[in-house]
Amino acid sequence: MSTENLHAQRQKRALNIVWTAAGRYDFRPAFLSFYADGEPDLYLNSIVGLVHRHYDAEKLTAYLQNTLDKSLLGELFTELFWLGLEAAAYEKELPARPVLASLRRQHAARFLREDVDVSFQQLMMRQELAHNLKCARCREILGGKPELLNPWDRKLYKALQFTGQMSTDDIIDAMERIIKRFFRFHWYGAPRKAFHFSLSPRLKALLHRILPLHSHYGEDFAAGILLPATGGVDCGEKSFWPGAKVGRRSEAELSRLYGEPLFSQERLSAIEGKLCRGIHRHAQLWFTREEGKQQSENWDFFQQQQMWFRTEVRELTRRLQNALLVHRQPMELPARSGRLAPGRVWRGVKLQDSRVFTAAEKVSYADFSVMLLLDASDSRQGRQMVIATQAYLLAEALGKAGIRLAAASFFSQGGCTILRLLKGFDDSSSQGIFAYKAQGWNRDGLALRAVPELWGEMPGRKLLFILTDADPSDEQPIPAEGIGTGKIYGGLPAREDAAQGVKYLKVQGFAVMALINSVISAELVTEAAGKIYGSGYIHLQDLSHMASKVGDMLEKEIFSHNG
């Protein structure tokens, strides 16, 4: 497995731990936690989720971003705040989830074990006060004493023992009291009334370099720590989320990782110049063709229930053919032979027109084409076999109905969105779809805008049918404007960008429909799908009723339009 794939999978696992603990899948956590070897920290990521479950996330986020993060000691305050939140969330959840006690002890033991062999570089990277308090917490969890020699440290440590009875406002007030009590700055012998230095990101970065009052944990030194979700682009700091690789990757590297390019470098540069703009201005694109290497689990899944799937294909094919016959009736054209047209006999007598017969125009659907676009992000991994089979059944049915069809998948890694052609319009077999593989992230807005490049100059009506979970997210952030900081490509901003991608296609004459298959609750995914696709989508969690649901949608949305 490549480093990029492993990196992305670990991020996804950490996210799933957070979402499971929170009982929600509609947010992007402010923090993710990893051990020194890059493995997700089960306990601390669970704590992040539990904080979202039990406390007002909007208030906490506002306090972190608008107050603590803007302080000159913001990163120190943030780490201390999460130390207090850990104690509160643990105490609040423990009665309902006793396993937390075991997870907490395992985390504490590993944290202290990995703290023994620390390099000089790691020592330079860490915030010593916060680290000492974390070690004290871990020693106490394991039944020992905190072993804090400094009386000031002991008092601060005790003040950070937030309880499960505290509300969100209580926790924020407690942190403000801690800052006021332990971090007062004295100017000319008189206490300063304000306890946060509020600075712009650029000035804060400059002061960090001049006055290294504290340090930021980098991804390479993430030994049991919480990593912030916002990227300090202007600071040159490293953060895990977003963790996009800096700089563009070469054609040789992309070819090695994802396959030979579908287009020349000159054409690819032109495409990127047109599409990689605005919030995608730091992104790359790569178009390649899947060479038919099937994923064995996809093929095995299909083979196990092949007879039932064949029945679905026949039923869907029948529905499509009927729709085409109803809405694309052949025209009756004048002819010199065929079926006599009584209404034209007078033309033969009066005008000497021998075309008194009619002949049916041969129906052709060569002016109609469909592309299946499969979201191949790592969050689809658990449903990869179902998605591949759904796409294959659709391809078979559309092909049997005489419609030209292609299929492609898309995902993003290291700042590059890859579109992989699984079946071309001229390919006779659809089995290349079983090469579909879930990996990486999904920058839907950019992928949607890039789809027309796979169609080429094919004339006629075009339909894009996307199989997705309606949850775009990418490790590469939305670039900052001015001196601000970048935002996560996820949540509402990403859905809005995907909606703009759909609009971009519709303006060019493409019809767009979506087949939603998601692990997120129906209520949440309906809201997201509606934002992106309007009414042009259906839910299809499994393979049952596929023929009827897809047939209904195609009849309503597509074949009601005469060619």
Side-chain angles (χ1 to χ4, degrees), residues 262 289-295 298-299 301-303 305-328 330 362-374 376 385-410 419-436 451-452 454-467 510-515 517 538 540 543 545-561 563:
L262 201 58
R289 175 185 286 274
E290 178 57 54
E291 297 300 332
K293 184 179 179 181
Q294 295 179 349
Q295 298 299 312
N298 296 344
W299 181 246
F301 178 78
F302 174 79
Q303 292 283 47
Q305 303 183 62
Q306 186 174 165
M307 295 305 297
W308 184 79
F309 292 152
R310 300 291 184 192
T311 301
E312 285 291 298
V313 168
R314 285 195 296 270
E315 176 61 19
L316 183 54
T317 302
R318 183 188 65 80
R319 290 287 301 273
L320 295 177
Q321 289 173 335
N322 288 343
L324 289 167
L325 289 173
V326 169
H327 299 292
R328 301 285 299 275
K362 185 178 180 180
V363 178
S364 172
Y365 306 114
D367 63 341
F368 186 78
S369 56
V370 175
M371 179 170 291
L372 305 178
L373 183 64
L374 284 63
M385 297 176 292
V386 172
I387 296 165
T389 301
Q390 284 178 334
Y392 178 75
L393 297 181
L394 276 171
E396 286 289 285
L398 289 164
K400 291 178 184 297
I403 297 172
R404 297 193 69 183
L405 177 129
S409 65
F410 75 96
L419 286 94
R420 179 171 283 156
L421 193 62
L422 303 173
K423 177 192 180 302
F425 285 109
D426 296 326
D427 293 340
S428 57
S429 172
S430 300
Q431 290 193 10
I433 291 173
F434 288 115
Y436 166 72
V451 163
L454 293 173
W455 242 292
E457 300 298 323
M458 188 175 296
R461 183 170 174 80
K462 301 179 178 71
L463 164 66
L464 176 66
F465 202 150
I466 180 170
L467 286 74
F510 292 84
V512 181
M513 292 185 295
L515 191 157
N517 183 317
I538 58 170
L540 196 59
L543 296 163
H545 309 297
M546 182 171 174
S548 61
K549 288 185 177 182
V550 174
D552 287 344
M553 182 172 66
L554 290 174
E555 287 179 0
K556 179 182 177 181
E557 300 293 336
I558 299 302
F559 300 123
S560 59
H561 300 276

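Predicted, not measured: the structure shown is a model, and the values here were computed from it.
Among residues two or more places apart in sequence or in another chain, the ring-ring contact (aromatic ring centres under 6.0 Å, His included) test is passed with F510 by W455. Here A514 pairs with I466, T468, I516, Y533, Y537 under the side-chain contact (heavy atoms from CB on, under 4.5 Å) rule; sequence neighbours left out. For F434, the ring-ring contact (aromatic ring centres under 6.0 Å, His included) criterion is met by W299, F302, Y392, not counting sequence neighbours. Listed by chain and number, the residues in a side-chain contact (heavy atoms from CB on, under 4.5 Å) with A406 are M371, F425 (sequence neighbours excluded).
In this structure the side chain of L419 never reaches within 4.5 angstrom of the side chain of L262, judged on heavy atoms. In this structure, the side chains of L467 and N517 stay at 4.5 Å or more apart for every pair of heavy atoms. By the 4.5 Å heavy-atom criterion applied to side chains, L454 and L373 are not counted as neighbours.
Rounded to the nearest 0.5 Å, atoms CG (L405) and CD1 (I433) are 6.5 Å apart. Between atom CG of residue L515 and atom CG of residue L394 there is a gap of 6.5 Å, rounded to the nearest 0.5 Å. Taking CE of M513 as the start and CG of L372 as the end, the distance is 10.0 Å to the nearest 0.5 Å.
Taking all atoms of both residues into account, the shortest heavy-atom contact from S430 to K423 is OG-CE, 3.4 Å. Annotation for R289 and G424: closest pair NH1-N, 4.2 Å, computed over non-hydrogen atoms.
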